[in-house]
Amino acid sequence: MGKFTKGYTPWNKGKTGYHTGKNHYNWKGGIKFNSEGYRLIKSSTHPSHDKQGYIAEHRLVVEKHLGRYLTKFEVIHHINEVKTDNRIENLYLFSKRWQHCVYHRFLNRGKIEPITKSNI
């Protein structure tokens, strides 16, 4: 017991689409959260989607606002630091990844002011 014999056929062999997507009991409308707390939206047709077909909502919001896809080097910063607040007025686009890192490094050392609506 516990080992399969030669010629064993699994119960689900040949079944495709079995309880996937909207038919799955745990379907939540194509929205989930990743381990970092960002909201992800199901978008299998997006060129930057992950292996499961999801893309970060804040990237979709900025792309819609700009009318183009973002490059993999562009980083979106949440001004109020709330990762689920994806209003366009709360999002700031850094054109290079290193710029975002430098911003946080100097912000944590108190050498620069945080980004706010008044100084954008």
Side-chain angles (χ1 to χ4, degrees):
M1 190 161 157
K3 292 194 174 200
F4 296 109
T5 59
K6 188 174 182 178
Y8 172 79
T9 306
W11 69 271
N12 59 352
K13 181 177 171 107
K15 294 186 180 189
T16 59
Y18 191 75
H19 297 296
T20 60
K22 293 177 183 176
N23 297 327
H24 194 274
Y25 71 93
N26 203 24
W27 177 254
K28 293 181 174 63
I31 298 172
K32 70 177 187 176
F33 292 87
N34 68 6
S35 60
E36 297 170 351
Y38 293 104
R39 184 180 296 132
L40 304 176
I41 306 293
K42 184 80 167 177
S43 180
S44 300
T45 58
H46 194 281
S48 300
H49 68 78
D50 64 7
K51 290 178 182 178
Q52 289 89 30
Y54 286 88
I55 182 84
E57 182 184 40
H58 58 278
R59 292 186 68 85
L60 289 173
V61 170
V62 172
E63 287 175 347
K64 184 176 180 182
H65 181 73
L66 295 176
R68 66 173 178 86
Y69 291 123
L70 296 177
T71 67
K72 64 181 179 180
F73 304 108
E74 293 177 314
V75 177
I76 308 301
H77 173 74
H78 288 83
I79 295 172
N80 66 2
E81 302 288 333
V82 178
K83 296 176 180 181
T84 56
D85 185 1
N86 294 319
R87 296 173 293 126
I88 192 66
E89 56 269 8
N90 184 49
L91 302 174
Y92 185 83
L93 175 64
F94 284 98
S95 59
K96 302 289 181 199
R97 196 169 293 279
W98 64 266
Q99 294 171 332
H100 187 238
C101 295
V102 168
Y103 169 76
H104 277 285
R105 184 175 301 131
F106 284 108
L107 181 67
N108 290 339
R109 293 181 183 171
K111 294 184 178 181
I112 60 170
E113 293 291 318
I115 297 172
T116 60
K117 286 183 186 178
S118 61
N119 62 9
I120 292 181

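Not measured: the values here are computed from a predicted model.
- When the salt bridge (Lys or Arg N to Asp or Glu O under 4.0 Å) test is applied to D50, no partner is found at least two apart in sequence or on another chain.
- H49 places a side-chain N or O within 3.5 Å of a backbone atom of S44 that can act as its donor or acceptor partner.
- Distance check, rounded to the nearest 0.5 Å: CG of N34 to CG of L40 gives 4.5 Å.
- For R59, the salt bridge (Lys or Arg N to Asp or Glu O under 4.0 Å) test picks out no residue, with sequence neighbours left out.
- Remark: T84 engages F33, R39, V82 in a side-chain contact (heavy atoms from CB on, under 4.5 Å) (not counting sequence neighbours).
- Note: Y103 and F94 have tilted aromatic rings, judged against thresholds of 30 and 60 degrees for the angle between ring planes.
- Relative ring orientation between H46 and Y69 is described as perpendicular, the plane-to-plane angle rising above 60° on a 0-90° scale split at 30° and 60°.
- In this structure, CZ in F73 is found 8.5 Å from CZ in R97, a value given to the nearest 0.5 Å.
- A donor-acceptor pair under 3.5 Å links the side-chain atoms of N90 to the main chain of N80, judged by distance alone.
- As a member of the Ile/Leu/Val/Met/Phe/Trp/Tyr network built from side-chain separations under 4.5 Å, L60 groups with I31, I41, I55.
- Among residue pairs with one or both ends in residues 61-85, those qualifying as salt bridge (charged side-chain N to carboxylate O under 4.0 Å, His left out) are R68-E74, D85-R87; sequence neighbours excluded.
- Environment of NZ in K32: crowded, with over 12 heavy atoms of neighbouring residues, nucleotides or ligands closer than 6.0 Å.
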For this session: Check the pair L93, L70 against side-chain contact (heavy atoms from CB on, under 4.5 Å), reporting the backbone distance first and the verdict last.
Result: CA-CA 10 Å; L93 175 64; L70 296 177; 4.2 Å; yes
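- N86 contributes atom CG, which lies 4.5 Å from atom CD of E57 (distance to the nearest 0.5 angstrom).
- In this view, H104 and H77, H100 satisfy the ring pair (Phe, Tyr, Trp, His ring centres under 6.0 Å) rule, not counting sequence neighbours.
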